[in-house]
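Have a look at the structure below before the remarks.
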There are 2 protein chains.
Amino acid sequence: MATSDPVYLRVVEDIRRQINDGSLPPGAPIPSRAQLTRKYQVGETAARHALRVLAGEGLIIGRVGSGHYVRERPDLTSLHRWRFLDHPAPFAADLQSQGRRVTWDWHSEPTEAGPDLARRLRIGESTALTKTRYIFRGDGRPLQLATSYEPREFAAHSEEERRSLVARMYAHGIKITEIVESVHTRIPRPAESDALDLAAGVHVLHVERTHWAGDRPVETSDIVIPGDRFRITYSMPV
Amino acid sequence: MATSDPVYLRVVEDIRRQINDGSLPPGAPIPSRAQLTRKYQVGETAARHALRVLAGEGLIIGRVGSGHYVRERPDLTSLHRWRFLDHPAPFAADLQSQGRRVTWDWHSEPTEAGPDLARRLRIGESTALTKTRYIFRGDGRPLQLATSYEPREFAAHSEEERRSLVARMYAHGIKITEIVESVHTRIPRPAESDALDLAAGVHVLHVERTHWAGDRPVETSDIVIPGDRFRITYSMPV
DNA sequence: CGATGACTGCTGGAGCCCCAACTTTGCGAT
DNA sequence: ATCGCAAAGTTGGGGCTCCAGCAGTCATCG
C-alpha cells in the first residue's frame, strides 16, 4: 500500500517527521518549491501541494517573497475553569489572575430570540433579548470573542450591574444554581478570523455557556477562543 | 479590496453562501470542475482549488467518479460530564446512558514515563508506568481513543479491578479527590485519522484528564474525540 | 559614505493538459 | 424485462508554464 502512495505525501511525511523530531526547529526555513523538486525528484505541482498541505495543517507558514518556515508553536495557555466565577468572561478572568493584562470592549443591543436561542433559553422565538458582544484582549493580542444573550427585563443599568450577572438575577429573585458549558471545535467564520487575528488552518474552540436557575435557563453565551493558543481546563471535585 | 480578490475565492464564497442559506441542502451535488469553469468563467485550476478549499473546511465531500456533495452535518452529540463518574471513559459512559450501544477494546503494556508524563504525573522520567490503550465504538462507529498512564504498582489484576480506578487506588490507601480535564483542539495524527475514520480537515478534541489525590496526580490519560461529531459538556454547580 | 535602484529568488494565483481509477447511465442483446 | 457492457462524466494525482508582488542583496551613482 505504501508503494503507490501519492508522491506529494512522501514529501509531506518527510517534512512532518523532521518538524516533529526537531531536526527542523520552529522558525527554520523549509526548502523552496524549486529545491523540493530537486531534493525529492518530484514535479513542481507535487512540491507546492506538499507545502500547501503542511501550511493547511498549521505546521508551516508561507511568507510571500521570503519562503516557508516552521511555525512557532506557542505553548497552549490554560484557561482554568476551577470554580464558579461570576464574570462575563471567566476564561479572561483566569488570564487576569495569571498576571496578564486583559482589556475588553463591549457593545449591547436589543434583539429577538429566533429559533436557536429559543431552544437554548426555552423561550418563545420572538422574546425580547439583550445581546452583548465582547472582545477580550490579553497582552495586546485578541484572546476571545463572547456574545451573551439574556432576557431584556434583566438588562444592566450600570457598569457595576453589568459585571455581575448573578447579582442582577438575584435582584429579580432568581438564584443561579448551575453553569453548563459545552465545548466543541469548528472552523472560524470569516469575521472571527479577522477579529481574533487567526492564521490559516487554525480552528476555534466554541463554548456555549448557559446559566441555569433550577431547571430554567436564564442566560446563554457563545464564547469563541483561538484553538492554537489556548486549552480550557475544568476541575471536578470527586 | 474586493475587486482584486483571487477568483477562486469568489467561487468558494458563493458556494459557501448557498450551503449556509440552505439553497444547497446536505447531500446536494456541487457542480463539477467543468461546470464551475463555465458557470463562473474561471480556469480549471481556480475551480478545483475552490472545491479543495471547501472540502478542506469539511463543508463538502468529494467522491471519486461521482462528484462533490454537501456534507451531512450531523448534530454534535453531547458528551456530558455532569458528575463524577468512575469509568475509564466517562464520555463513552455518557453515550451508553443515552441508550447507544458502546463497545471497546483495550490493551495494556508496560512503559516508562519520559519527560512529558513525568511533568504531568510529577514523577521521575524513568518511573515504571502501565499504559493502557482503549478504542471505543458507539453504534458501530469509532468514537474515542483513550490512553491511560498509571504507576505500575497500581496495575489491575482482573477485569473488575481495571474498570474502577478509584476502588483500585483506594485499596492502596489513596483517595481520589479531584479530576482535572484540559480540552484543546488539534490536527489528528495519521494513526488517529485511521483509527477514528476521520474525513480530511476534521480536527479532534484532545482531553488531558488527570486524577488527583490531594496535591498528587495519580493517573493521567489522553482522550481523543472526533471534532465533527461531538461536543463535550461540563456542568458546574454554583 | 550613503542612498537608490536593479536583480534574483520566493510565494501564491492562475491556466492548460494528461492520465488512472471510479460511478453512473444508457443502450443493446438476450 | 432484465442483464451486461461500453461510453461518458468526475475526482484526484501529477506535470508544465506564466505572472504579480514582495524581500532580500548587491552594485552603482551622487
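Quick caveat, the model's predicted, so the values are computed rather than measured. Proteins come first, then strands; the chains are lettered A, B, ... in the order of their sequence lines, and each starts at number 1.
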Which ones in residues 50-69 of chain A lie close to DNA chain D, meaning a heavy atom under 4.0 Å from one of its atoms?
-> A:Val64, A:Gly65
Nucleic acid contacts - residues 30-38 of chain B versus DNA chain D, non-hydrogen atoms under 4.0 Å = B:Ser32, B:Arg33
Just the endpoints, please: which first and last nucleotides of DNA chain D, 5' to 3', lie under 4.0 Å from a heavy atom of chain B?
-> D:dG9 to D:dG14
Report the residues that fulfil salt bridge (charged side-chain N to carboxylate O under 4.0 Å, His left out) with A:Asp197, sequence neighbours left out, ordered by chain and then residue number.
-> none
Test side-chain hydrogen bond (donor to acceptor under 3.5 Å, both in side chains) applied to A:Asp14 and A:Tyr40, step by step | CA-CA 10 Å; A:Asp14 194 54; A:Tyr40 294 93; 2.6 Å; yes
Taking side chain as C-beta onward, heavy atoms only, is A:Thr132 less than 4.5 Å from A:Thr147?
-> no
Listed by chain and number, what are the salt bridge (charged side-chain N to carboxylate O under 4.0 Å, His left out) partners of A:Asp194, not counting sequence neighbours?
-> none
Set of side chain to side chain contact (heavy atoms under 4.5 Å, CB included) partners for B:Gln41, sequence neighbours left out | none
For A:Glu181 and B:Thr233, does a side-chain donor sit closer than 3.5 Å to a side-chain acceptor?
-> no
Go through the N and O atoms of the side chain of B:Arg48 and the base of C:dG15, and report whether any donor-acceptor pair is under 3.5 Å.
-> no
Using atom types as modelled, flag every donor-acceptor pair under 3.5 Å from a side chain in residues 56-70 of chain B to any protein atom, sequence neighbours excluded.
{"from": "B:Glu57", "atom 1": "OE1", "to": "B:Arg16", "atom 2": "NH1", "distance (Å)": "2.9"}
{"from": "B:Glu57", "atom 1": "OE2", "to": "B:Arg16", "atom 2": "NH1", "distance (Å)": "2.8"}
{"from": "B:Ser66", "atom 1": "OG", "to": "B:Tyr69", "atom 2": "OH", "distance (Å)": "2.6"}

Mind jotting down which residue pairs meet the ring pair (Phe, Tyr, Trp, His ring centres under 6.0 Å) criterion with at least one end in residues 185-209 of chain A? Sequence neighbours excluded, please.
-> A:His184-A:His206, A:His203-B:His203
Contacts of B:Thr220 meeting side-chain hydrogen bond (donor to acceptor under 3.5 Å, both in side chains) (sequence neighbours excluded), chain-then-number -> B:Arg120, B:Thr210
Should we count CZ of B:Arg122 as having more than 12 external heavy atoms under 6.0 Å?
-> no
Can you sort out the partners of B:Arg133 under salt bridge (charged side-chain N to carboxylate O under 4.0 Å, His left out), two or more places apart, ordered by chain and number?
-> none
Excluding sequence neighbours, so at least two apart, what forms side-chain hydrogen bond (donor to acceptor under 3.5 Å, both in side chains) with B:Glu112?
-> none
DNA chain C contacts among residues 7-20 of chain A, heavy-atom distance under 4.0 Å = none
